[in-house]
Amino acid sequence: MVEPVGTDVTIYEVGPRDGLQNEKGLVPVEAKAEFISRLLGAGLPIVEATSFVHPTWVPQLADAAELMNLLGEDGRHLPVLVPNERGLDRALELGLEHIAIFGSATETFAQRNLNRSLDEQFAMFEPTVVRAREAGMDVRAYVSMCWGDPWESAVPVDQVVSVGKRLYDLGASQLSLGDTIGVGTAGAVGTLLDAFNEAGLADDVLAVHFHDTYGQALANAYAAYQHGVRTFDASAGGLGGCPYAESATGNLATEDLVWMFRGLGVETGVDLGQLVETSLWMAEVLGKPSVSRVVQALG
Ligand code: HMG
Ligand code: MG
């Protein structure tokens, strides 16, 4: 796990990956590299750069290798999404050090996002993680649809915990709990975190990944913070979504999260002014305004 020094919480920035995977237009690779450099320059300790998935499944990120080559040494320590051994080979060829696998807590999303059944996904991830660890890589695991699924509605807590723990136990250093379609609410956040704690996964190995479809992402992040979680996924300007999850909108905006933590006196290490500038610049690249209320207020 990448451990930033001197901050109270870790913001795991997913804008270049979760944000840009969902954009209709293709963003030039040079603009992606600049986006990442600016985010790092604003003090974000971890920036998930891109995905080594099948290029026809996510054409927006088909330039993953080109991007990582452009970033050079600066990109080597940045995490990238990898679903399988083919993706791992591509990451290894570039000398990358951190990968993230991404499993589903539900059958339908496993089929739609990974072309695998719930059980089959583990057969895909297991050798990927084993080989990554043998190569000295750090592995993060995501579990999606933790608080609801568009096809299966409510997802039983036991099922989420069972899938999440299995993914973590493959050899991950951290498990990120994804509210892929943004339906979770603060009470349910506490319930799921309690259940993971009872299953042996303490808050310090958990991260939370909230999408903001119902405007609950910031409240959910606060609930997770109060519970004891210290790693928060967020996306600059509130970019994001999942092309394979109906009704997934943007992630929790990094600016909104930083603003909240600033008010709480919680050190994030992020320069809010520089971050807002970056999101305003990216909004111009994308040709649409940022959805972040803090970007709108300060911009
Ligand atoms: P598949 O079609 O079942 O793949 O897709 P396959 O294993 O049958 O292989 C078919 C062909 O694809 C083979 O080529 C492979 O080499 C090639 P052929 O032999 O026919 O010439 N191939 C690849 N090529 C390049 N890179 C690869 C790769 N893998 C296979 N990695 C697969 C299975 C998993 C690849 C596909 O379903 C896929 O790419 N899915 C990714 C979908 C995705 O990226 N979704 C968005 C990210 S998840 C998310 O956003 C949620 C998250 O934010 C958390 C949350 O919000 O909850 C993380
Ligand atoms: Mg996501």
Side-chain angles (χ1 to χ4, degrees), residues 10-53 55 58-72 74-75 77-81 100 178 180 182 209-213 215 217-218 221 232-243 245 248-262 268-299:
T10 301
I11 300 184
Y12 183 108
E13 170 64 42
V14 295
R17 194 279 303 170
D18 208 339
L20 298 186
Q21 78 180 8
N22 212 40
E23 284 304 316
K24 289 204 170 57
L26 293 185
V27 175
V29 68
E30 293 78 13
K32 291 178 178 174
E34 183 171 347
F35 188 32
I36 292 168
S37 300
R38 283 183 179 231
L39 292 166
L40 292 168
L44 283 153
I46 309 173
V47 179
E48 194 170 77
T50 185
S51 297
F52 287 86
V53 298
V58 184
Q60 292 89 339
L61 304 183
D63 57 4
E66 203 184 341
L67 173 65
M68 298 318 285
N69 276 326
L70 257 183
L71 290 168
D74 292 347
H77 70 284
L78 303 180
V80 295
L81 240 55
T180 321
H209 178 106
F210 296 119
H211 286 261
D212 201 29
T213 320
L218 192 60
F232 299 83
D233 298 3
S235 168
L239 297 169
C242 176
T249 62
N251 289 79
L252 169 59
T254 314
E255 290 84 355
D256 298 17
L257 185 66
V258 171
W259 180 264
M260 179 188 80
F261 281 136
R262 207 159 85 161
T268 62
V270 176
D271 180 321
L272 186 57
Q274 270 193 51
L275 182 57
V276 167
E277 281 302 315
T278 301
S279 287
L280 290 170
W281 167 80
M282 187 34 90
E284 267 186 38
V285 172
L286 296 172
K288 60 177 192 191
S290 164
V291 296
S292 159
R293 301 292 289 271
V294 171
V295 172
Q296 289 166 17
L298 297 179

Could you tell me the separation between the [atom1] atom of [X] and the [atom2] atom of [Y], rounded to the nearest 0.5 Å?
| X | Y | atom1 | atom2 | value |
| --- | --- | --- | --- | --- |
| T278 | E34 | OG1 | CD | 8.5 Å |
| L280 | M282 | CG | CE | 12.0 Å |
| D233 | E13 | CG | CD | 9.5 Å |
| K32 | T50 | NZ | OG1 | 6.0 Å |
| R17 | L81 | CZ | CG | 4.5 Å |
| S279 | E255 | OG | CD | 3.5 Å |

Shortest non-hydrogen contact from [X] toward [Y]:
| X | Y | result |
| --- | --- | --- |
| S235 | G15 | OG-CA, 3.4 Å |
| I46 | P79 | CG2-CG, 3.6 Å |
| P16 | I36 | CG-CG1, 3.7 Å |
| Y12 | A100 | OH-CB, 4.4 Å |
| T249 | D212 | OG1-C, 3.8 Å |
| G43 | V270 | O-CG2, 4.1 Å |

Option passing side chain to side chain contact (heavy atoms under 4.5 Å, CB included) with [X] (candidates [options]):
| X | options | answer |
| --- | --- | --- |
| F35 | L239, L40, V27 | L239 |
| V14 | V47, N251, L20 | N251 |
| L44 | D271, I11, V258 | I11 |

| request: Evaluate whether atom CD of Q274 has more than 12 neighbouring non-hydrogen atoms of other residues, nucleotides or ligands under 6.0 angstrom away. | output: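 Enclosed.
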
| task | Can you sort out the partners of Q60 under side chain to side chain contact (heavy atoms under 4.5 Å, CB included), two or more places apart, ordered by chain and number? | result | L26, V58

| Do M260 and F232 come within less than 4.5 Å of each other through their side chains, counting heavy atoms only? |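 They are not in side-chain contact.
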
| Residue pair D18 / H209, side-chain heavy-atom distance below 4.5 Å |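 Yes, at least one pair of side-chain atoms sits under 4.5 Å.
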
